[in-house]
Amino acid sequence: MLGVGSRKTAVVSSKAHARKAAGEGSRAAVLSLYAVPPTEELSLQEFEELALKRVQLLKAIAAAKAVGKSGKELSLAVGKAVDAFLPFRATSRDEAEREDHISHFILRLAYCRTEELRRWFLTHECELLRWRIGRESPAAVEAFLARENLNYPSLTNEELARFEAQLTTISTIMKRKDDRAALAQAAESSLASLKTTGKLAKDAGGVGGGIRLTAGSYFKVPFEQAIELVQRRQVFVNGGWAYVRRKDMVAIVVAEFRSRLSRSLAVASKALPQLSEDERVVPLLTNLSRQYLGPDYSKTKVEGAISLDQIDTLAKRSMPLCMSNLHSHLRSAHHLKHGGRRQYGLFLKDIGLSMEDSLNFWRAEFTQMMTLDKFSKSYAYSIRHNYGKEGRRVESRAFSCVRIITANAPGPADHHGCPFRHFSPEKLAHTLTAKGVGGAGLKEILNLIAGHHYQIACTRYFELTHPDAETVQPIEHPNAFFTQSEAYWRAKQGSSGEEAKPKLRLASWAVC
Amino acid sequence: MSDTPPANATSSPSPMSPEKDESRGTKRRVDEVVAGEASQVNVAPTELSDEFPELLRFYYSRLFPFAPFFEWLSYGDVSGTSVAAATGLGAAGVGEAAAGGRGDGMGLQGSYVSRREFSFTLEDDVYIRYQSFASAAELEAEIRKKRPFKIDIGAVYNAPPKDHKTIPAGAFKPLEKELVFDIDMTDYDEVRTCCSGADICTKCWPFMTIAIRVLDTALREDFGFEHLLWVYSGRRGIHCWVCDPRARALSQNGRSAVAEYLNLIRGSEDSGRKVFVTTPMHPSVERAAAVVEEYFEELVLEEQGMFGCAERWDKILPLISDESARAGIRNALIQQDGDNALGVWEGIKDMYAQNSYRSADLTEIMLQFCYPRLDIHVSKGLNHLLKSPFCVHPKTGRVCVPLDPARVADFSPFDVPTVSQLAAELTEAAKAPAPSADEPSPMDVASQSGRAYSLTSLKPYFGYFENVFLKSLLASIREIKQEAAIREGVIDF
């Protein structure tokens with residue numbers, strides 16, 4: 001047995017946590033915000049097993065989200081993942097809670113070290129908590145809130161009277177949204193369709209067509225605590241207060257959890273160096289964090305594998321739509337805004353464009369619009385920064401599809417983002433036609449994006465533009481699209497072996 | 001320029017906040033490139049001349065309102081903790097951005113304002129970041145010495161930014177900043193026909209009027225903010241500085257949420273419909289739609305002539321969701337007799353009233369063409385720098401002046417004085433004689449009180465800042481302090 005527990009306590013417990021280290025009460029809960037770290041000892045083997053299971057669980061959640069699942073569909077996927085990985089060998093409810101609790105804290109240690117790891121862990125832990133709250137009864141949720149000391153005031157009758165119209169409006173919007181989601185879900189499977197529409201009709205009958213407001217059905221929180229709802233305009237906001245439906249409280253609780261966990265992770269990352277004395281635990285933690293973030297495309301490229309004269313050909317032939325779109329805008333406008341420079345610049349770096357070539361590439365375009373001096377002052381720095389030659393001197397990694405699809409949506413005059421996600425269907429159809437995708441294939445892709453399956457649409461696009469490709473991997477990263485395409489054309493060319501000299505082979509495409 | 005940047009200066013944007021690169025990169029590019037190509041109808045040519053540095057020297061020595069400027073950014077604090085922190089208002093908003101910044105045992109060094117980052121852009125694009133000043137006198141001396149072409153204001157950190165090199169890596173963190181909004185006429189290019197790029201005229205300025213009205217109301221009514229400083233940027237846009245303690249304490253995520261809540265226009269040129277409204281509309285959107293409706297017909301249909309030719313109406317027709325309705329409207333537009341845009345619009349409204357078309361279409365069209373187009377990246381970043389009020393825009397020579405949102409309809413950017421105009425006005429004012437031999441001249445009086453601006457056409461703008469905005473801000477800070485004192489008093493007994 002190994003004294004991992006006590007070390008962990010030392011690391012994770014900040015002042016607040018330490019005071020109630022006994023913590024049996026909160027651990028016995030099904031729902032937990034994990035306020036108190038575990039104290040018991042466990043074997044190295046159990047440590048590793050539990051951690052791996054939770055990583056797999058979070059990975060399964062991440063995968064479900066990556067293919068565009070949301071709402072009920074996502075909830076089903078999370079449920080499946082929980083069944084598969086946690087409880088993992090528990091024989092009792094207490095044991096299940098213990099495993100849940102310990103595995104959460106091990107991953108805190110493994111995933112606190114970098115900003116990116118923290119974000120990944122936070123996002124998917126929050127999704128897990130959201131799912132757990134969602135399947136509890138209102139009474140159990142109340143008990144959980146009380147246990148975690150989360151008290152939110154209900155509305156007064158005066159407030160209810162004053163804002164009745166606005167609250168009714170929001171309730172109507174949200175109800176229609178729920179109904180639409182349910183119908184869309186129903187349309188996906190005819191069996192489900194029967195059940196859901198039946199249920200919908202019953203619901204509508206239940207409220208007699210209207211929406212009944214009672215003071216108790218709303219909470220009032222400072223808008224800072226209802227960030228997610230405010231951001232989506234899914235809540236009534238007045239005078240700095242968010243008036244939250246009882247039904248939407250899960251968003252508030254998850255936000256609170258996110259903020260607490262975020263702070264704990266920041267504290268843990270600072271304390272982490274103290275842990276380095278235990279030779280057995282550190283490699284485990286490092287491995288955990290490294291292995292399960294998905295393939296690291298920055299590791300596979302060979303700097304200098306691509307040269308400048310190939311870029312136009314590559315853009316046409318092997319780049320995913322998002323990158324060939326950026327490329328053509330850059331070539332025609334001789335400029336890209338910040339989001340585009342980041343997305344395309346990092347992609348080029350990771351397919352193997354050297355820093356020198358990168359600088360030459362951007363300089364040649366930008367100086368058609370500005371002086372060389374201006375380019376050197378305002379833009380060259382960030383290119384060198386991408387390559388880890390400036391500032392923190394850390395090489396940045398190319399963006400994944402999930403990041404491109406979900407973060408930093410393009411605004412006016414931006415060209416970054418995912419065409420499958422951010423183009424209008426008309427514009428996308430036009431672009432695809434220009435790429436030679438039409439007819440049934442085009443229709444299929446447009447159907448996929450209507451169902452928000454952007455990465456599947458991109459994968460389909462790959463298949464259509466690479467006829468007879470053997471087993472196509474689902475596209476999760478623009479660089480994976482590129483690598484896969486490169487391999488395809490290489491195979492097609494009939495040249496074999498000679499992995500080491502892509503440069504020559506690629507140059508030869510340009511001639512043919 | 002004889003002044004050389006200090007040793008800790010950097011002439012490159014910080015890699016930590018890419019947005020800064022945006023503001024330094026793209027925007028300036030647009031400034032320069034577009035101004036170079038398009039006619040510079042709104043730019044007084046003298047301002048671009050070699051006299052500009054000399055005019056700046058004059059402006060900084062005679063007119064820049066150093067005292068009230070410093071008082072604003074001090075927020076009534078000389079103690080070393082912010083009002084927001086002292087009253088605990090910030091606690092709720094601490095999210096990922098600030099996590100670890102507070103409560104990690106590192107005390108705050110120096111007063112609130114001394115931990116504020118200023119950055120200067122000097123002549124020849126030399127860019128100096130991480131400047132900070134412990135006193136108004138220090139700030140004044142440095143600005144007069146460097147005579148920056150542009151001053152940017154950044155975040156309040158946990159230590160004076162000028163000392164950031166002496167602080168261990170990772171320990172130097174932004175804690176607070178005003179919640180800011182940046183609206184730039186360049187982003188209206190797809191909905192305006194009169195100008196493009198950095199140019200503005202009286203036909204497109206009403207877009208900014210709408211923006212101020214919509215956002216000012218939402219920030220006050222929905223979020224409960226009271227201290228909103230609206231500023232004309234000196235060229236083609238406006239900024240808003242929300243100065244309430246709660247706004248300054250917002251986390252990065254909190255800023256994003258407010259910005260997204262207020263942002264209705266989504267998507268790039270490549271997405272057709274950029275506004276989606278729910279039925280019924282969110283109360284905040286409904287209120288904005290009512291404001292927009294007041295302007296739409298005159299601004300979009302008459303002034304901008306969006307029904308004027310096929311190329312223009314092709315931007316509107318895709319937003320009509322019913323195909324046969326769209327075809328009918330296209331026909332009506334092709335056959336319209338002369339300039340009858342309003343008639344066609346009335347026809348469209350009637351058609352929607354009589355048929356079961358998607359009624360949100362018309363609201364979405366109005367919003368897509370008139371709703372404020374925010375550069376939300378500027379609002380989201382806690383450490384994003386934004387040009388300071390009271391700067392002089394180097395391209396137009398106009399002063400970046402505060403404006404009264406309650407009288408926004410009366411504001412015209414073309415009335416805002418340029419530095420050369422101000423120099424002339426002050427020379428003229430100096431000629432006014434003293435009322436009698438033993439009394440000082442009006443110029444002496446104004447200069448002694450540091451308000452020489454009151455003898456120039458800056459008076460209404462700077463006067464509003466001092467007498468309305470700043471006064472009410474300081475009064476509410478006093479109130480918060482008194483309440484805190486009373487609370488503590490009760491606890492003591």
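Chain letters run A, B, ... following the sequence lines, proteins first and then strands; every chain starts at 1.
In this structure, chain A has a heavy atom under 4.5 Å from the side chain of B:T278, while its backbone stays farther away. Contact of B:L264 with chain A is made through backbone and side chain together, with heavy-atom distances under 4.5 Å. Heavy atoms closer than 4.5 Å to chain A are found in the backbone of B:N263, but not in its side chain.
Taking OG of A:S259 as the reference point, atom CG of B:N253 lies at 9.5 Å (rounded to 0.5 Å). Between atom CD1 of residue A:I227 and atom OG of residue B:S251 there is a gap of 4.5 Å, rounded to the nearest 0.5 Å. Rounded to the nearest 0.5 angstrom, A:Q166 CD and B:S284 OG are separated by 11.0 Å. Interatomic distance, A:R233 CZ to B:L262 CG, rounded to the nearest 0.5 Å: 8.0 Å.
Looking at heavy atoms from C-beta onward, A:T169 lies out of side-chain contact with B:E286 at the 4.5 angstrom threshold.
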Going through the checks in order, is the side chain to side chain contact (heavy atoms under 4.5 Å, CB included) test met by A:F223 and B:R246?
CA-CA 10 Å; A:F223 80 87; B:R246 232 172 124 175; 3.4 Å; yes
Are B:E260 and A:R232 close enough, and set up right, to give a side chain to side chain contact (heavy atoms under 4.5 Å, CB included), and what steps lead you there?
CA-CA 7 Å; B:E260 297 281 6; A:R232 296 184 190 157; over 6 Å; no
Please step through side chain to side chain contact (heavy atoms under 4.5 Å, CB included) for the pair B:D222 and A:F236, ending with a clear verdict.
CA-CA 8 Å; B:D222 297 356; A:F236 174 59; 5.8 Å; no
Take A:E224 and B:L250, measure what side chain to side chain contact (heavy atoms under 4.5 Å, CB included) needs, and give me the verdict at the end.
CA-CA 8 Å; A:E224 293 93 335; B:L250 270 179; 3.6 Å; yes
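Shown here is A:Q368, whose CD atom has more than 12 heavy atoms of other residues, nucleotides or ligands within 6.0 Å.
When atom types are taken as modelled, the side chain of A:R176 and the backbone of B:T279 share a donor-acceptor pair closer than 3.5 angstrom.
The residue from A:I170, A:T168, A:I173 that alone fulfils the side chain to side chain contact (heavy atoms under 4.5 Å, CB included) condition with B:P280 is A:I173.
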